[in-house]
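Encoded as structure tokens, the structure appears first; notes follow it.
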2 protein chains.
Amino acid sequence: MRRFRGEAENKVDAKGRVSIPAPFRRVLEEGDPDWSVGVSPNFVIVYGRRNSKCLEGYSLRSINDVDNLVSRLPRYSKEREILERLLNSQSIYAQVDENGRIVLPPKLREKVEINSKAMFVGMGDKFQIWEPNSYQEDMLLMDQKLSENNFEEEIYSLLDYKDNDPKKL
Amino acid sequence: MRRFRGEAENKVDAKGRVSIPAPFRRVLEEGDPDWSVGVSPNFVIVYGRRNSKCLEGYSLRSINDVDNLVSRLPRYSKEREILERLLNSQSIYAQVDENGRIVLPPKLREKVEINSKAMFVGMGDKFQIWEPNSYQEDMLLMDQKLSENNFEEEIYSLLDYKDNDPKKL
DNA sequence: TTGATTTCCATAAAATCCCATGCTAGGTTA
DNA sequence: TAACCTAGCATGGGATTTTATGGAAATCAA
């Protein structure tokens with residue numbers, strides 16, 4: 001299955017319309033069970049992330065994976081209800097139109113301070129939508145962290161599994 | 001499984017098109033589950049490597065291995081999101097055309113300062129794309145390091161595993 | 001009815017496809 | 001063995017399609 005890869009900065013017009021990068025559309029199409037050629041795929045935008053100023057787009061298939069994880073928590077448990085708030089309450093269905101665009105509702109735009117431009121960032125099974133400057137800041141922060149000590153090596157070393165067992169975080 | 005071996009310097013034209021060395025194409029074909037004779041293989045170019053002025057090409061199979069390792073880290077963990085940034089956000093799908101070429105988008109060319117020539121360098125399960133002069137510099141640096149003390153011997157000695165146990169780095 | 005939203009059409013730039021050429025290495029044939 | 005053939009390769013140029021984006025018309029909602 002194809003993954004969300006790459007970055008793209010697109011314009012947001014006065015009506016809140018913005019193009020979804022074409023490669024992302026291909027992934028959304030693959031990830032929508034009801035999609036077929038000539039139809040526009042549906043997907044989900046989550047705006048509940050707290051510690052980062054971005055929206056997150058999920059194909060129907062991947063949001064389903066996440067929802068299934070939540071469903072495994074005990075019904076009515078505090079934890080489950082919080083997760084449902086963050087992932088379900090704070091999210092909307094979106095539909096790509098025939099020009100490859102979506103409309104970002106004002107509420108979502110305000111949430112992440114998007115005005116006239118939006119940066120789309122592929123993250124594998126989801127993608128993020130940032131105000132371009134916020135994204136740049138966030139990248140700088142990450143760069144700094146990575147240069148400190150041996151953080152970069154440490155990060156990559158997380159991929160060195162021994163005995164097929166992931167390192168504990 | 002065939003590996004990326006050897007070096008080749010090819011021209012980059014005004015449109016950013018450049019031929020993938022034929023032996024590399026064979027490896028990419030083997031590494032694309034959907035490939036068959038007459039079809040052009042897909043693969044992935046990662047441009048997120050910090051501290052090195054090169055792009056990295058992975059067959060679908062090898063990038064998939066990497067992605068699977070990342071997917072085993074906890075969803076939404078800081079570590080996973082950093083790795084997704086480095087490996088997914090900073091990468092693109094590329095498709096070899098029927099003449100054996102790909103298009104290097106301007107952003108990637110700028111990143112590694114590639115202008116009219118590109119050097120392809122086999123690295124086993126991936127290959128690198130360099131601006132030829134940068135590559136030469138990098139090689140010189142490596143040569144210097146290797147001639148200091150007994151660095152070359154030391155390096156090769158890392159291959160002496162005892163009891164199937166890699167030496168500690 | 002008036003503001004907001006959705007649908008439809010238009011366009012320029014960019015990405016992709018298609019065809020053509022010169023070259024080289026291998027193999028084939030006289 | 002020498003001349004020839006052929007297939008694959010690296011590269012160039014033009015035609016075509018897709019993308020991103022702007023604006024107008026149509027529909028909806030308060």
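As the structure is a prediction and not an experimental result, all values here were calculated from the model. Convention: sequence-line order gives letters A, B, ...; per-chain numbering from 1. Just so you know, these numbers use all the heavy atoms, side chains as well, and skip hydrogens, waters and symmetry mates.
- Between the CZ atom of R26(B) and the C1' atom of dA7(D) there is a distance of 12 Å, rounded to whole Å.
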N/O contacts under 3.5 Å, protein versus nucleotides 8-19 of chain C?
| from | atom 1 | to | atom 2 | distance (Å) |
| --- | --- | --- | --- | --- |
| dC9(C) | N4 | N99(A) | ND2 | 3.1 |
| dC19(C) | N4 | N99(B) | ND2 | 2.9 |

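- F120(B) places its CZ atom 10 Å from the P atom of dT11(D), with the value rounded to the nearest Å.
- In this structure, N10(A) places its CG atom 12 Å from P of dT19(D), rounding to the nearest Å.
- Under a 3.5 Å cut-off, the side chain of S19(A) and the backbone N or O of R101(A) do not form any donor-acceptor pair.
- Taking atom CD1 of I102(A) as the reference point, atom P of dT19(D) lies 16 Å away to the nearest angstrom.
- Under a 4.0 Å N-O distance rule, the pair R80(B)/D125(A) qualifies as a salt bridge.
- Annotation: side chain of N64(B) is not in contact with side chain of R61(B) (no heavy-atom distance under 4.5 Å).
- Using modelled atom types, no side-chain atom of R49(B) and backbone atom of C54(B) make a donor-acceptor pair closer than 3.5 Å.
- Across the protein-nucleic acid pair, K107(A) atom NZ and dA4(C) atom P stand 18 Å apart, rounded to whole Å.
- F24(A) has its CZ atom 14 Å from the P atom of dT19(D), to the nearest Å.
- A heavy-atom distance below 4.5 Å is found between the side chains of F43(A) and F127(A).
- Using a 4.0 Å cut-off between charged side-chain N and carboxylate O, E137(B) and K53(B) make no salt bridge.
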